[in-house]
Amino acid sequence: MIQIKDLHKSYHMGNNSLHVLKGINFDVKEGELVSIMGSSGSGKSTLLNILGMLDEADEGSYTLDTVPIKNLNEKIAANYRNKFLGFIFQSFNLINYKSALDNVALPLYYQGVARKERVERAMHYLDKVGLAPWSHHLPSELSGGQKQRVAIARALASDPKVLLADEPTGALDTKTSYEVMDLIQGINDEGKTILVVTHEHDIAQMTKRIVNLKDGVIIDDSFVEQVRASQYV
Amino acid sequence: MFDIERWQEIFETLSKNKLRTFLTGLSVASGIFILVILLGFSSGIQNGVTSQFEKDATNSISVWTGVTTKEYKGLNPGRRIQLKNQDFNDIVTKYDDNLEYKSAFYTIWGGLVNYKNESGNYRIQGVMPDNQFIENADIHQGRFINHSDVVGNKKVAVIGNKLSVDLFKGDNPIGKDISLYGINFKVVGVFFDPGGERDESKVMMPITTAQKAFNGGNDIRSMMYTVKMSDNFDEAVKLSEQVSLGIENDIKTTHIIAPDDISAIRVNNTLEEARKIYSLVDTIKAVFWFVGIGTIIAGVVGVGNIMLIIVKERTKEIGIRKALGAEPMSIVGMILQESVFVTMFSGLFGLVAGLALLEFVGPLIESDFIKYPQVDFNTALSTVFVLVFAGAIAGFIPAYRAARIKPIDALRDE
Ligand SMILES: Nc1ncnc2c1ncn2[C@@H]1O[C@H](COP(=O)(O)OP(=O)(O)OP(=O)(O)O)[C@@H](O)[C@H]1O
Ligand SMILES: [Mg+2]
């Protein structure tokens, strides 16, 4: 599903340049649930942003579902993001004046789906994350865990090939984190490919494979015995 | 632009951000509102002034005399200057090329007029046929004084509509006799005057008749001329000034009046007056337009400014939309359409409010110098479209900024 080869990325600030990613190679197959770990500043978010086409690598190749990702202009990147990717952020990033339902329906609007179908599909995914009764509430009326579930429903709504989650449990307490991980595991069980950036070992243990980053290179990449979150909820 | 889904999305955004929408709209609506009021009043002033001048011909020169105040060539001050038929005829002969209508007047200020049992005090004026055009008198019934009336000093009279109403009470006055100090005059015409009731409460008769009937001899009280108009207003003003000055000097010479004696003879030139007032009206109009356009510019800058703030405030939202797949053009369209819709809607609202205010308050204004303040709807509508266009320009910079927002920058956690 994802192939990256020899990926390099530097940030330039004035005369200084910071080499963040120093040759990353890794593949993800369809249906994998991968966690990316590493200390702060090791380049996890940078890597995820490149995978999410929110940023571009300086060197190296990136192929997503056999489509080579290169020479992106903003328009193409927007279309690819819309078709291929779903994002889950640490701070949820819901639009605060839109209801839960409208937030979930937004990616479908940019896919050109008609209003009626948008609402139906959005409702389906809200139901899937257990928030159907909250569909008309604004984000400010929801708890952190509920907000993250709305964000997950939104990421799923466009039926992407890959879900990218940057510290999805970073702003949640342990119990709520496990509920969210339970949801993510469920989605993965249905065959969706998911990448999760995290700091927490217990969260990483709930994925099927842990990739460890340090100073811009992968120092460890191993499969693990998945811990089911459901046993904690 | 005509994508219905896009409009739905915009209405939703606007209606869920009511305060913001309201504030943006308010600046535009009040801008247009003020402009409409200003334009209305500038046209009101113009209407008022124009109707003031409609009372009489605007290109007239009137001459009347008084008492000398200066000693001159051995003659004492305090001498009353009396105009004679000869003065009138001399001026007509001398300035014939430049004059269009001319009339001498012999006036009795308050004369008792009787018809059957009805009577009243009215101004009685001996005039010449041309006076019909000098005073803009509008013949309603019958005819005006004509040349043969004057030559034959006939006892005929033309009465103002006020007399017709007061004395005849609906009877047809034509052919009836009215009596002035016991002398009968046959009514041959009734006139309206744009000057209103005051100018309609008088009796006009041939000047020769008036001089005979009221022991006037060759005396005349005043005279009036109109200057031939040329297409060029400034030239006409110049000519009429020259003629007035010439007339003044001629009369001063024949009646031996000191050149600097301003009370013995007055020559009043309405064209010069008109020019001053019209140029004042033009200045007022220009000032109103200036203020109005300034207001619109302020409105546009205001909208642009608010849209910039909106874009700044919505940076994160725009980042989210882009991450979810919004193309840059769709973001530009969203911001522009919002700005155009808000300016258009509130512009029309301000327009209607302004027009309504003029409609209801306009007729209540009781001033001779402001009449029917109103705005030609096309002017107003084109102003709104200019505003919408300007709104689009105002929205463009913010929209461009919005399109350049990078989702990773917008979404980075603080
Ligand atoms: N836009 C940018 N401009 C300059 N430097 C940047 C930029 N984004 C990230 N960096 C730097 O690149 C390095 C890697 O950042 P990144 O966000 O990928 O780390 P991370 O592994 O996600 O850390 P954390 O666990 O704290 O989220 C950091 O040193 C950071 O300061
Ligand atoms: Mg990070």
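Lettering follows sequence order; numbering is per chain, from 1.
- No more than 12 heavy atoms of other residues, nucleotides or ligands lie within 6.0 Å of CD in E30(A), so this atom counts as exposed by the packing criterion.
- Between atom CD1 of residue I320(B) and atom CZ of residue F87(A) there is a gap of 12.5 Å, rounded to the nearest 0.5 Å.
- With rounding to the nearest 0.5 Å, the separation of NZ in K322(B) from CD in E74(A) is 4.0 Å.
- Within 6.0 Å of CZ on F26(A) lie more than 12 heavy atoms contributed by other residues, nucleotides or ligands.
- Looking at every heavy atom in both residues, N82(A) comes nearest to G325(B) through CB-CA, 3.7 Å.
- Listed options P328(B), P407(B), S330(B), G319(B) were ranked by heavy-atom pairs under 4.5 angstrom with chain A; first place goes to P328(B).
- For chain B, no part of D166(A) is nearby; none of its heavy atoms comes within less than 4.5 Å.
- Neither the backbone nor the side chain of I76(A) comes within contact range of chain B; no heavy atoms are under 4.5 Å apart.
- Remark: M1(A) CE is packed, more than 12 non-hydrogen atoms of other residues, nucleotides or ligands lying under 6.0 Å away.
- Within 6.0 Å of atom NZ in K22(A), more than 12 heavy atoms from other residues, nucleotides or ligands are found, so the atom counts as buried in its surroundings.
- At most 12 heavy atoms of other shown residues, nucleotides or ligands fall within 6.0 angstrom of atom NE2 in H201(A).
- Sparse packing is recorded around NZ of K161(A), with 12 or fewer heavy atoms of other residues, nucleotides or ligands lying under 6.0 Å away.
- In terms of heavy-atom proximity, S91(A) sits nearest to K316(B) at OG-NZ, 4.4 Å.
- Here the side chains of R321(B) and I95(A) are in contact, with some heavy-atom distance below 4.5 Å.
- The CD1 atom of I408(B) sits 12.0 Å away from the CG atom of L48(A) when rounded to the nearest 0.5 Å.
- Atom OH of Y97(A) and atom CG of N17(B) lie 6.0 Å apart (nearest 0.5 Å).
- Residues L324(B) and Y110(A) approach most closely at O-CB, 4.3 Å, considering heavy atoms.
- With a 4.5 Å cut-off on non-hydrogen atoms, Y80(A) does not touch chain B at all.
- Nearest heavy atoms, A78(A) versus A326(B): CB-O, 3.5 Å.
- In E12(B), the CD atom is crowded: over 12 heavy atoms of neighbouring residues, nucleotides or ligands sit closer than 6.0 Å.
- Annotation: F389(B), atom CZ; neighbour count of heavy atoms from other residues, nucleotides and ligands within 6.0 Å does not exceed 12.
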